[in-house]
Undergrad: 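This structure is in structure tokens; I'll ask about it shortly.
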Amino acid sequence: MDLKKYWTSTSLATFISWPIYLNGSLILLRMATANPWVLPLGIFPLLVLGHVIYKFGKDTVLPDTFLSRYGPFLAPILCTLVVWLFMASVNGGDFSKHSYGNFGLLVFLPSFAFYFWAISRTYWFLPALTIAGSLFFIVCFAVGTWRSKRLATRENKKGLYALGLILILASVATVQGYTQYRSVLHPDPNYPEPSNDAYSLRRDYGPFDGNSKLVSPKKPPSLQIDQDYPKLDGAVALIPIYAAAAKAIYRVGEAQDSENLRKKAVGFSETTPAAYKALLDGRAEIIFTLAPSDEQVKEAAEKGVAYTLTPIAREAFVLLVNEQNPVTNLSAAQIRDIYSGKIKDWREVGGAPGKIMAFQRNAGSGSQTAMLRVMDGTSMREPLKAEYHESMGNHP
């Protein structure tokens, strides 16, 4: 096989044909998480592909030099590492599920168009799987050439230079990935978070359920409603309050179905922004949340709505540090300096030397709105992010 034909056919395979084939196997393997019997269907195509590549290396007439022989296999890895490092320079190294802004750069990966649909926006899988697939191709090919006793090539020194470049880029990417991992929060398996999904909330705090965890007042309130129930909604932290209010105030007749009444009388939006949206959309009439942000007031005004705010309680705003952090007291001024980026190291506030990771909630949430009041007009720095999805944590 002449060099031009070899490079054309092999490059088409490594950049297009094999990624498509590998992507199909990946989809089957993902299906196996729900249907274990599908697992062999995902592994078998990979074994078949590996055998085809092995036979190609064993039986094909190959170029003599290292780069001309292995170049089509190394090119996807080199391309992927260059794209990976370029992305790290423009998006702050964030390859988490929340890095929507610059993921479009991944279209420059050899297998982007195929892997994207299989991994559902877990962007760091794209370069990782591309490199893993290319290494799989190289190993199968090298075993085939070894079996044919044609593994040795001329100009191996150039091949070592190419491998050295790839190792350097891979090392930089690994350091970047480790740095990124250390800069975000991850769930601790020793302290699983309690479930706060809609089903669990309805189960535990259903206002008209016999097994509800809601408390009841010692004396029935003077206000009692037995029809035209106002629809209540609110933030997840306040569900026990407004669900308990519905339980105490809304009188349920014997002929009424408690589940239908709950749907009509109580909503579980769970987050503050969702509760305000339910109010503006007419799906709620009273919501229990912290005071609205300036943006939420503006949005309501644009729709011709003016909020009537009725304070019913005061809430403490608490900032948490790691249990091993010796800092136990911060002034409001120090907190503003930390969240504005003026103070970046714990030693500046009496702690041990170490970078401060100042995490925030998402814009529009009750706690973020309260934090903006703490900042008292001081601009906040770009927030760090959690790298996992939770109903209360899938934003900064």
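In this text the structure is predicted, and so the values were computed from the model without any measurement.
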Undergrad: Do you know the tightest heavy-atom contact between Y6 and R69?
TA: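 Nearest heavy atoms, Y6 then R69: OH-O, 2.6 Å.
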Undergrad: Counting N and O atoms only, with roles assigned by atom type, does the side chain of R336 sit under 3.5 Å from a partner on the main chain of V374, one being a donor and the other an acceptor?
TA: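 Indeed, once roles are kept as given, a pair shorter than 3.5 Å links the two residues.
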Undergrad: Do the non-hydrogen side-chain atoms of V305 and L280 ever get within less than 4.5 Å of each other?
TA: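 Sidechains of L280 and V305: in contact.
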Undergrad: Between T8 (side chain) and K5 (backbone), is there a donor-acceptor pair under 3.5 Å?
TA: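 Judged by distance alone, no pair lies under 3.5 Å.
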Undergrad: State which residues pass side-chain hydrogen bond (donor to acceptor under 3.5 Å, both in side chains) with R347; sequence neighbours excluded, sorted by chain then number.
TA: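 Here no residue qualifies.
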Undergrad: If we only count heavy atoms from C-beta on, is the D281 to K303 side-chain gap below 4.5 Å?
TA: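 The answer is yes; the side chains approach within 4.5 Å.
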Undergrad: Closest approach of L372 and M380, non-hydrogen atoms and distance?
TA: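 Reported closest heavy-atom pair: CD2-SD, 3.5 Å.
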Undergrad: Measure from the side-chain N and O atoms of T10 to the backbone N and O of W7, and report whether any donor-acceptor pair falls under 3.5 Å.
TA: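 Checked: no pair found.
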Undergrad: Can you run down the salt bridge (Lys or Arg N to Asp or Glu O under 4.0 Å) pairs that involve residues 291-300, sequence neighbours left out, and say none if there aren't any?
TA: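 Every pair satisfying salt bridge (Lys or Arg N to Asp or Glu O under 4.0 Å) with a residue in residues 291-300: there are none.
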Undergrad: Does P72 offer a backbone N or O that forms a donor-acceptor pair with the side chain of T14 under 3.5 Å?
TA: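 A pair under 3.5 Å: yes.
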Undergrad: Determine whether the aromatic ring centres of Y229 and Y250 lie less than 6.0 Å apart.
TA: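 For Y229 and Y250, the ring centres are under 6.0 Å apart.
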Undergrad: Considering residues at least two apart in sequence or located in another chain, which fulfil the salt bridge (charged side-chain N to carboxylate O under 4.0 Å, His left out) criterion with R150?
TA: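 For R150, no residue satisfies salt bridge (charged side-chain N to carboxylate O under 4.0 Å, His left out) once neighbours in sequence are set aside.
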Undergrad: Does E348 reach the main-chain N or O of I343 with its side chain, forming a donor-acceptor pair under 3.5 Å?
TA: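 No; judged by distance alone, with no hydrogens or angles, the pair does not exist.
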Undergrad: To the nearest 0.5 angstrom, please state how far the CG atom of L238 sits from the CG atom of L232.
TA: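 If we round to the nearest 0.5 Å, L238:CG and L232:CG are 12.0 Å apart.
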Undergrad: I'd like to check the ring pair (Phe, Tyr, Trp, His ring centres under 6.0 Å) partners of F66; sequence neighbours left out, ordered by chain and number.
TA: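 Residues passing ring pair (Phe, Tyr, Trp, His ring centres under 6.0 Å) with F66: Y70.
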Undergrad: side-chain hydrogen bond (donor to acceptor under 3.5 Å, both in side chains) with T65: which residues, sequence neighbours excluded?
TA: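 For T65, the residues satisfying side-chain hydrogen bond (donor to acceptor under 3.5 Å, both in side chains) (neighbours in sequence not counted) are S68.
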Undergrad: Would you check if the side chain of Y339 reaches a backbone N or O of F359 as a donor-acceptor pair within less than 3.5 Å?
TA: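 At least one qualifying donor-acceptor pair exists.
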Undergrad: Considering non-hydrogen atoms only, spot the tightest contact between L3 and P63 and give its length.
TA: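 Result for this residue pair: CD1-CG, 3.8 Å.
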Undergrad: Which atom pair, heavy atoms only, marks the closest approach of G267 to D233?
TA: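 Of all heavy-atom pairs spanning G267 and D233, the closest is O-OD1, 3.3 Å.
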Undergrad: Considering the options L81, L78, L74, which one meets the side chain to side chain contact (heavy atoms under 4.5 Å, CB included) requirement together with L165?
TA: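 It is L78; the other options fail the test.
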Undergrad: Tell me if a side-chain donor or acceptor on Q224 pairs with a main-chain N or O of P221 at a distance below 3.5 Å.
TA: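 Checking the backbone N and O of P221 against the side chain of Q224, a donor-acceptor pair under 3.5 Å is found.
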Undergrad: Under the side-chain contact (heavy atoms from CB on, under 4.5 Å) rule, what do Q368 and Q360 come out as? Steps first, then yes or no, please.
TA: CA-CA 7 Å; Q368 185 70 356; Q360 305 174 30; 2.9 Å; yes
Undergrad: Could you pull out the closest heavy-atom pair between V327 and V321, with the gap in Å?
TA: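 Looking at all heavy atoms of both residues, the closest pair is O-CG2, 3.8 Å.
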Undergrad: Let me check something: any side-chain donor-acceptor pairs from residues 39-59 under 3.5 Å, sequence neighbours excluded? List them with distances.
TA:
unit_1	atom_1	unit_2	atom_2	d
K55	NZ	D59	OD2	3.3

Undergrad: Taking all non-hydrogen atoms of both residues into account, name the closest pair between T80 and P76 and its distance.
TA: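 Looks like OG1-O, 2.7 Å.
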Undergrad: Could you tell me whether the side chain of D345 and the main chain of G354 form a donor-acceptor pair under 3.5 Å?
TA: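 Yes; judged by distance alone, with no hydrogens or angles, the pair exists.
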